[in-house]
Every structure is written in structure tokens, then in C-alpha cells.
There are 2 protein chains.
Amino acid sequence: MKLQQNSKLTKNQGLVYDALSKADGPLSAYTILDGLRDHGIRAPLQVYRALDKLLEFGMVHRLESLNSFVVCRHPDCETQKTMVFAICESCENVLELADDGLVGQLATLADARGFSVKTTTIEMSGLCSDCSAVQP
Amino acid sequence: MKLQQNSKLTKNQGLVYDALSKADGPLSAYTILDGLRDHGIRAPLQVYRALDKLLEFGMVHRLESLNSFVVCRHPDCETQKTMVFAICESCENVLELADDGLVGQLATLADARGFSVKTTTIEMSGLCSDCSAVQP
DNA sequence: TGAATTGCGTTACTCTATAACATATGTAAT
DNA sequence: ATTACATATGTTATAGAGTAACGCAATTCA
């Protein structure tokens with residue numbers, strides 16, 4: 001839960017983080033917005049600004065391929081610069097896998113071409129175990 | 001260049017492919033649209049439909065983290081299900097790296113959790129060799 | 001030559017994200 | 001406390017990315 005950081009969140013940051021925490025999958029900024037209208041959130045920017053901070057804190061990840069966001073379910077994300085996401089295209093659940101070895105190999109592959117890596121995005125789409133049992 | 005497929009392209013598909021080929025980096029659909037207004041392309045859908053086909057043919061890749069598109073510079077992309085992109089955040093040039101080993105490892109990592117992978121997106125952001133020489 | 005598929009053109013619309021500007025709130029030093 | 005500074009907030013308007021739905025044209029291909 002990363003409570004040490006959670007306690008320092010501002011009102012809007014806390015609202016957005018809680019909304020993402022309660023969701024069982026990724027949420028778009030506008031879905032979050034709709035869910036928080038009763039709490040005084042009225043404009044997209046209020047959500048995006050909170051998300052920017054939460055991303056900076058490492059408490060939330062952005063899924064580029066879905067234009068949406070998930071809370072970090074990984075225990076020590078600060079030390080992990082890169083996550084691997086497995087996104088089920090049937091139920092939209094997201095597995096968050098960490099693998100530093102893989103990230104190191106990617107960096108090596110890039111270094112061989114003189115490219116210095118800052119951030120890495122790895123997103124896999126497919127079927128989670130539950131859904132692949134149903135839809136073979 | 002993948003001429004065998006190029007020769008089969010329809011008018012709009014050819015226009016979009018040529019526009020991407022001439023660019024030295026990724027283009028958004030709307031940038032392509034603006035560049036093709038003189039050629040009879042007037043609506044976003046005309047571009048998006050062409051892009052869909054080109055993606056299907058494996059002649060174009062989509063960069064999720066930039067919402068934009070590049071031509072495939074890799075010789076035999078049909079046999080490569082997954083590309084690794086290194087995107088320079090300074091000059092916007094894109095290196096296209098192929099590594100089946102890495103993709104296999106990712107699939108193994110996912111399989112261990114019962115997830116069956118269909119597509120994989122790997123995008124690295126950083127500085128290319130030219131730009132990292134200038135901005136240390 | 002007709003039927004089926006694929007592509008084209010257009011209008012309107014939804015979803016995603018940011019710019020610009022004014023106000024408020026917290027924080028730290030004097 | 002009071003000033004000064006950084007950070008967060010609220011609001012309006014707008015830009016950028018992508019799709020739905022409709023009708024028509026062109027191309028296969030039987």
C-alpha cells in the first residue's frame with residue numbers, strides 16, 4: 001500500500017489513488033473523473049495533475065497501450081525502474097511482473113547501438129489464466 | 001522496402017506508406033493527414049484505415065508511447081512477431097531492434113503465471129548515440 | 001453479369017490530454 | 001507572526017487522437 005507516501009498525498013492525489021486502488025483493473029483518466037464528481041473533481045486536469053504526481057512517486061503506472069492507469073501492486077517499485085505488464089484482453093486484468101534481468105538485457109541491446117536508455121515500457125497483451133481456460 | 005507488398009497497395013495505403021517512408025521519424029495520424037491534404041486525403045478515417053491495413057501487412061509499426069507510426073525498417077518483419085523500439089527523446093529518431101530471445105523470455109515469464117501472450121510491445125525511451133554525445 | 005468483398009468519402013462524434021490564467025494552500029526562514 | 005516561495009487547486013477553453021454510421025465506388029471472382 002505504500003502508506004508512508006499515501007499519508008503525504010494531497011486531497012486530489014488521495015482521491016485518485018483510492019479510486020485506482022478500488023478498481024480491479026486499469027482505469028482511464030476520464031473514468032476516474034466520472035467516479036469522483038461527487039467528491040468535487042470536475043475537470044480532467046484535476047485528475048491528470050494528480051496522476052502525474054502519483055506516477056512520479058511510483059505509486060501508479062501508466063499503460064500506454066490502453067491509455068489508462070493502474071496502482072502499483074509491486075512491493076518495491078521504487079527500486080524497479082521497469083515493470084512488465086501482462087494485460088488480459090478479455091477481462092482487462094493486469095499482471096505486474098518485474099524482471100531486472102530482462103531490463104538489463106534490453107539496456108545491453110540498446111547500448112550496443114549507442115543508445116542510452118532512460119525508461120522502458122513493456123506491455124504484453126493476451127489471455128490471463130482464467131480467461132484462457134474459458135476461451136481456448 | 002517490401003516492394004512485393006508495396007505494389008499491391010491501394011491509393012490511400014500507398015500515400016500513407018510513402019509519407020511515413022519519407023519521414024525521418026515517427027508521425028502521428030494527424031501529421032500524415034496534414035501532409036496529404038493536397039493528395040485528396042481529407043479525413044482522419046482515410047488515414048486510420050490505411051494505417052490499419054499497413055499494420056496488418058507488417059509494413060508499419062505503431063509506437064504506443066507516442067501515439068504515432070513508423071515504417072518497418074527491419075528486413076524480415078513478418079517472421080518477427082515483436083519489435084523492440086528505442087526512441088530518442090531528443091531527435092525523435094527510432095531504432096528498431098529485433099530480439100526473439102527476449103520475447104521468448106517474456107513469454108516464459110508470463111507462462112509461469114498462466115498468461116498466454118499474443119502481442120508484445122517494448123519501447124525504450126532515452127538518447128540515441130548522436131544526441132547523447134551532445135547532451136551528456 | 002451479377003454477387004460479394006473491399007476500399008473510399010463524408011459528417012459527426014467520443015475520448016484523451018494540455019494551455020493559460022487566477023486563486024489558494026502549505027512550508028520554511030527571518 | 002510575516003514575508004517569500006513553491007506547490008496545489010479550480011475553471012474555461014482548446015488541441016490531439018480515434019471511432020461510428022452511412023452511402024457509394026471499385027475490385028474480385030464465380
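Everything numeric here is computed off the predicted structure, so don't read it as measured data. Per chain, numbering begins at 1; letters A, B, ... match sequence-line order.
- For the pair B:Lys53 NZ and C:dT6 P, the computed distance is 7 Å after rounding to whole Å.
- The side chain of B:Lys8 contributes no N or O atom lying less than 4.0 Å from OP1 or OP2 of C:dT6.
- The nearest pair of heavy atoms linking A:Leu33 to A:Pro44 is CD2-N, 4.0 Å.
- In this structure, of C:dC8, D:dA8, D:dT12, it is D:dA8 that holds the atom nearest to the side chain of A:Gln13.
- For the pair A:His39 NE2 and D:dG10 C1', the interatomic distance rounds to 18 Å; values are reported in whole Å.
- B:Glu123 and B:Ser65 share a donor-acceptor pair across their side chains, judged by distance under 3.5 Å alone.
- The separation between B:Tyr48 atom OH and C:dC15 atom P is 15 Å, rounded to whole Å.
- Distances from the side chain of A:Leu45 to the nucleotides D:dT11, D:dG10, C:dT10 place D:dT11 closest.
- Which of D:dA17, D:dG10, C:dA17 sits closest to the side chain of B:Ser28 comes down to D:dA17.
- D:dG10 atom P lies 9 Å from atom CG of A:Leu15, rounded to whole Å.
- Nearest nucleotide to the side chain of A:Ala43, out of D:dT9, D:dT11, C:dG9: D:dT11.
- Side-chain rings of B:Phe85 and B:His61 approach one another, their centers coming within less than 6.0 Å.
- Annotation: of the two residues near DNA chain C, A:Tyr30 and B:Ile41, the 5′-most nearest-nucleotide partner is B:Ile41.
- Rounded to an integer number of Å, the gap from CG of A:Asn67 to P of D:dT19 is 10 Å.
- Distance CG (A:Leu9) to C1' (D:dT9): 15 Å, rounded to an integer number of Å.
- With rounding to whole Å, B:Leu51 atom CG is found 12 Å from C:dC8 atom P.
- The listed nucleotides are C:dT10, D:dT11, C:dA17; the one nearest the side chain of A:Gln46 is D:dT11.
- Distances were taken from every side-chain heavy atom of A:Thr10 (C-beta onward) to each of C:dT18, D:dT9, D:dT19; the shortest belongs to D:dT9.
- In terms of heavy-atom proximity, A:Phe115 sits nearest to B:Met124 at CZ-O, 4.1 Å.
- For A:Arg49 and D:dG10, a side-chain-to-base donor-acceptor distance below 3.5 Å is present, hydrogens and geometry of angles not being considered.
- One atom, CZ of A:Arg62, and another, C1' of C:dT18, lie 13 Å apart when rounded to the nearest Å.
- Of all the heavy atoms in A:Gln13 and A:Leu54, the pair that sits closest is O-CD1, 3.8 Å.
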